[in-house]
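All remarks here apply to the structure that follows.
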Amino acid sequence: MDRILLLMTTTTYRAGAFLEAARRLSVLAVVGSDRPQVLEAANPAGHLTIDFGAPEEAAQAIVAFARRVPMRAVTAADDDGVVLASRAAAALGLPHNPVGAVAAARNKLQMREVLAKAGLPSPRFAAF
């Protein structure tokens, strides 16, 4: 059965929807979260505690975890984890969006600057 790493902070309201989607697709979901789970010891292959505020170290922890628990994808439930998901997937050689593109998409000014530099049509903008 395929396994994915689903990154989500404990404050997300989307956990249920993502876990239900994984269940419907018959995909095992490992939860990568910012706090330890109460029953983590009972299912060590089902949960990974990482620091979303330290993306480089968190990506290294994900790579180390994936050596023991192989996975086919890394995705995030919220904006808090998208850059980390991209960085970890890249390190694991999994399909991913480029880290720079993901970071730009999270910042409206940066995204519009990138689009303008590429000559793509976008609305006028200015930083205030």
Side-chain angles (χ1 to χ4, degrees):
M1 180 178 282
D2 287 338
R3 178 181 286 121
I4 65 165
L5 175 61
L6 178 58
L7 302 177
M8 62 177 103
T9 61
T10 53
T11 58
T12 187
Y13 63 90
R14 295 182 173 113
F18 274 84
L19 294 170
E20 175 62 17
R23 186 193 65 74
R24 286 184 182 187
L25 294 169
S26 298
V27 174
L28 293 173
V30 175
V31 174
S33 184
D34 54 340
R35 295 194 183 153
Q37 299 300 305
V38 175
L39 298 175
E40 185 175 343
N43 182 16
H47 189 269
L48 174 64
T49 304
I50 51 174
D51 182 356
F52 283 71
E56 190 62 42
E57 292 82 4
Q60 291 173 5
I62 291 168
V63 169
F65 182 83
R67 287 188 193 114
R68 297 187 329 270
V69 182
M71 56 194 79
R72 304 259 323 230
V74 180
T75 192
D78 295 296
D79 273 1
D80 294 337
V82 293
V83 173
L84 174 56
S86 176
R87 184 183 304 258
L92 292 168
L94 298 172
H96 64 284
N97 291 314
V99 175
V102 173
R106 293 193 67 222
N107 179 303
K108 192 176 283 188
L109 176 61
Q110 185 180 358
M111 177 190 66
R112 289 192 173 161
E113 289 171 344
V114 168
L115 292 174
K117 185 177 178 181
L120 296 171
S122 62
R124 288 183 306 178
F125 65 93
F128 292 94

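Numbering of residues begins at 1 and proceeds along the displayed sequence. What's counted below: heavy atoms across the whole structure, side chains too, no hydrogens, waters or symmetry copies.
Val30 and Leu94 fall within the same hydrophobic cluster, where Ile, Leu, Val, Met, Phe, Trp and Tyr residues are linked whenever their side-chain heavy atoms come under 4.5 Å apart, directly or through other members. In terms of hydrophobic clustering, with Ile, Leu, Val, Met, Phe, Trp and Tyr side chains grouped at heavy-atom distances under 4.5 Å, Phe52 and Leu92 are assigned to a common cluster. Residues Val63 and Met71 share a hydrophobic cluster, clusters being chains of Ile/Leu/Val/Met/Phe/Trp/Tyr side chains in contact below 4.5 Å. No chain of hydrophobic side-chain contacts below 4.5 Å, direct or via other Ile, Leu, Val, Met, Phe, Trp or Tyr residues, connects Val114 to Phe125.
Under the side-chain hydrogen bond (donor to acceptor under 3.5 Å, both in side chains) criterion, Thr11 pairs with Thr9, sequence neighbours left out. A search for side-chain hydrogen bond (donor to acceptor under 3.5 Å, both in side chains) contacts involving Thr10 returns Asp34, not counting sequence neighbours. In this structure, Glu113 has no side-chain hydrogen bond (donor to acceptor under 3.5 Å, both in side chains) partners at least two apart in sequence or on a different chain. Residues satisfying the side chain to side chain contact (heavy atoms under 4.5 Å, CB included) test with Arg106, not counting sequence neighbours, are Asp79, Val82, Val83. Residues passing the side-chain hydrogen bond (donor to acceptor under 3.5 Å, both in side chains) test with Arg35, sequence neighbours excluded: none. Scored by the side chain to side chain contact (heavy atoms under 4.5 Å, CB included) test, Leu25 finds Val27 as partners (sequence neighbours excluded). Every residue meeting the side chain to side chain contact (heavy atoms under 4.5 Å, CB included) condition with His47, not counting sequence neighbours, appears here in chain and number order: Val31, Ser33, Gln37, Glu40, Thr49. In terms of the side chain to side chain contact (heavy atoms under 4.5 Å, CB included) criterion, Pro44 has no residue partners (sequence neighbours excluded).
Within the structure, the salt bridge (Lys or Arg N to Asp or Glu O under 4.0 Å) test picks out no pair touching residues 91-103 (sequence neighbours left out). For residues 4-15, the salt bridge (Lys or Arg N to Asp or Glu O under 4.0 Å) pairs, not counting sequence neighbours, are Arg14-Asp78. Counting only residues at least two apart or on different chains, the salt bridge (Lys or Arg N to Asp or Glu O under 4.0 Å) pairs with a member in residues 16-31 are Glu20-Arg23, Glu20-Arg24. Identified under the salt bridge (Lys or Arg N to Asp or Glu O under 4.0 Å) test for residues 50-72, with sequence neighbours left out: Asp2-Arg72, Glu56-Arg87.
The two residues Ala90 and His96 come nearest to each other via the heavy atoms CB-NE2, 3.4 Å. When all heavy atoms of Ala77 and Thr12 are compared, the pair lying nearest together is CB-OG1, 4.5 Å. In terms of heavy atoms, Gln110 sits closest to Ala103 at OE1-O, 3.9 Å. Nearest heavy-atom pair across Arg112 and Pro123 is NH2-CG, 4.1 Å. For the residue pair Ala59 and Leu84, the shortest heavy atom distance occurs at N-CD1, 3.6 Å. Taking both residues in full, the closest heavy atoms of Ala76 and Gly81 are given as CB-C, 3.4 Å, listed atom of the first, atom of the second, then distance.
A distance of 10.0 Å separates CZ of Phe65 from CD1 of Ile50, quoted to the nearest 0.5 Å.
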Next on the checklist: Checking Ile62 against Leu7 for the side-chain contact (heavy atoms from CB on, under 4.5 Å) test, could you report, in this order, the C-alpha distance in whole Å, the side-chain angles of both residues, the deciding distance, and whether it holds?
Outcome noted: CA-CA 10 Å; Ile62 291 168; Leu7 302 177; 4.1 Å; yes
